[in-house]
2 protein chains.
Amino acid sequence: MRTPRRAPRSDALENRARIIEAAQAAFTGDPSASLQAIAKAACVGQGTMYRHFPDREALLLAVYRDELEALVAAAPLLLHEYGPLEALRRWFERLAADGRVAGGASLAVDAATRIGRPHPPIVAALDLLLRAGKEAGQVRPDAEAEEVLSLGSCLWRTDGWSTDGTTPCPERGTRMLSVIIEGLRAEARH
Amino acid sequence: MRTPRRAPRSDALENRARIIEAAQAAFTGDPSASLQAIAKAACVGQGTMYRHFPDREALLLAVYRDELEALVAAAPLLLHEYGPLEALRRWFERLAADGRVAGGASLAVDAATRIGRPHPPIVAALDLLLRAGKEAGQVRPDAEAEEVLSLGSCLWRTDGWSTDGTTPCPERGTRMLSVIIEGLRAEARH
DNA sequence: ACCTGAACACCGTTCAAGT
DNA sequence: ACCTGAACACCGTTCAAGT
């Protein structure tokens with residue numbers, strides 16, 4: 001049933017590319033930019049936007065495809081270089097850092113996770129890290145990737161910035177990440 | 001400057017009460033019910049709704065005022081009966097359980113926290129628990145209430161329900177809470 | 001002093017009509 | 001086969017006009 005699919009028309013490809021480009025720019029300016037505004041910026045009818053990307057999440061995945069793939073690829077590399085817990089910490093640190101810049105890939109991770117339908121490759125990457133930690137006896141055996149991802153999704157809430165109106169407070173994220181990592185340790189079950 | 005404030009007109013009071021009642025019903029049906037629909041259900045013009053509650057969060061706080069106060073009051077009681085960590089666990093458990101029923105008080109906590117402007121009494125209650133834990137040497141000294149609340153706000157995401165389409169999975173929440181509690185312990189700093 | 005409801009500026013989504 | 005853009009059913013928010 002392979003769905004042979006003839007090559008798409010060239011104008012469709014151009015439109016698709018222009019939409020992604022416009023979305024990229026829009027999201028870095030305002031993570032909650034409207035699809036309507038993006039369509040206009042891309043000089044494309046709303047219907048066209050809709051045909052290519054049935055919803056906001058699909059567009060986010062397309063825009064941050066490369067970053068997401070890089071993040072997935074980073075998991076085994078980190079495991080090769082560090083112990084499981086440190087690899088886990090650095091992986092999340094990277095994801096969170098991505099979220100602190102406007103319009104990072106964590107935008108896509110967050111949207112998908114919040115819908116309750118997290119991006120499978122991301123879950124798989126996290127699962128790889130957790131599995132390695134469990135085999136090394138360093139991570140509690142009952143930790144599940146989806147849950148940990150849900151826990152981690154608070155790390156890139158840049159809203160908590162400035163009750164005082166000043167600093168972006170990156171050490172808050174570091175501290176929260178530290179709580180998660182310590183909480184995942186295999187020791188001291190009570 | 002005490003703002004002496006004459007007693008409000010009786011029709012204003014009635015409207016206010018009717019709005020809260022309608023919102024209560026609407027939120028338990030659908031947590032993201034529109035203000036417009038609530039105004040209509042309360043037989044009130046949109047302007048009236050707006051006068052009483054300038055935004056969605058104000059309405060949420062009013063609807064769940066009693067539950068929020070009960071939650072705040074529970075903190076010292078739990079501390080009286082249990083050790084700091086167990087009290088902390090039960091406090092969050094209660095907040096999360098509240099979130100699993102449709103339209104619980106955690107709706108208000110969540111909305112406020114997500115805006116980056118968490119409900120101060122709730123933060124104070126959590127701070128009380130953390131402070132007791134630190135004094136007992138059981139909670140890591142760098143834990144901050146706002147951060148922990150932000151971490152905990154993933155506990156009542158009922159979205160992760162059913163990838164398999166079946167169970168409400170309350171043990172997922174228990175497990176995530178356990179990770180947070182263990183991560184807050186004062187031991188094993190690395 | 002308070003309420004009403006039309007009006008404004010937006011959303012996401014659909015769909016007949018075009019090429 | 002793909003695109004366009006008007007149209008639909010909604011939002012939150014405001015504000016002149018009423019009582």
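A, B, ... follow the sequence lines: proteins, then strands. Residue 1 opens every chain.
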Quiz item: Can B:Glu93 and B:Arg100 be counted as an ion pair, charged N to O under 4.0 angstrom?
Solution: yes

Exercise. Decide yes or no for A:Val148 and A:Leu129: does some side-chain heavy atom of the first lie under 4.5 Å from some side-chain heavy atom of the second?
Key: no

Quiz item: Is any side-chain heavy atom of B:Leu88 closer than 4.5 Å to a side-chain heavy atom of B:Tyr82?
Solution: no

Exercise. Pull out every residue in residues 14-37 of chain B that has a heavy atom closer than 4.0 Å to any atom of DNA chain D, ordered by number, or say none.
Key: B:Ser34, B:Leu35, B:Gln36

Practice problem: Say whether A:Leu61 and A:Trp156 are linked into one hydrophobic cluster, either directly or through other cluster members, by side-chain heavy-atom distances under 4.5 angstrom. | Solution: yes

Quiz item: So, are B:Arg114 and B:Asp110 salt-bridged, with charged N and O less than 4.0 Å apart?
Solution: yes

Quiz item: Dot-bracket for DNA chain D: what is it, with Watson-Crick or G-U pairs under 3.5 Å, [ ] where a pair crosses earlier ones, and | for a pair to another strand?
Solution: ||.|||||...|||||.||

Practice problem: Applying side-chain contact (heavy atoms from CB on, under 4.5 Å) between B:Phe53 and each of B:Ile38, B:Leu60, B:Leu35, B:Ile20, report the one that passes. | Solution: B:Ile20

Exercise. With sequence neighbours excluded, give me every side chain to side chain donor-acceptor pair (under 3.5 Å) pair touching residues 115-137 of chain A.
Key: A:Glu57-A:Arg117, A:Asp127-A:Arg131

Exercise. Please list residues of residues 44-52 of chain A whose heavy atoms come under 4.0 Å from any atom in DNA chain D, ordered by number; otherwise none.
Key: A:Val44, A:Gly45, A:Gln46, A:Gly47, A:Thr48, A:Arg51, A:His52

Self-check item: Segment of DNA chain D, first to last nucleotide, that comes within the 4.0 Å heavy-atom reach of chain B
Solution: D:dC11 to D:dC15

Practice problem: Measure the CD-CZ distance between A:Gln46 and A:Arg51 for me, rounded to the nearest 0.5 Å. | Solution: 14.0 Å

Self-check item: Carboxylate-amine/guanidinium proximity below 4.0 Å for B:Arg140 and B:Glu182
Solution: no

Practice problem: Name the residue closer to the 5' end of DNA chain D, choosing between B:Arg56 and A:Asp11 according to the nucleotide with the nearest heavy atom. | Solution: A:Asp11

Quiz item: Between A:Thr113 (side chain) and A:Val109 (backbone), is there a donor-acceptor pair under 3.5 Å?
Solution: yes

Quiz item: Are any side-chain N or O atoms of B:Asp98 and backbone N or O atoms of B:Gly104, one a donor and one an acceptor, separated by less than 3.5 Å?
Solution: no

Practice problem: With sequence neighbours excluded, give me every salt bridge (charged side-chain N to carboxylate O under 4.0 Å, His left out) pair touching residues 61-88 of chain A. | Solution: A:Glu86-A:Arg89, A:Glu86-A:Arg90

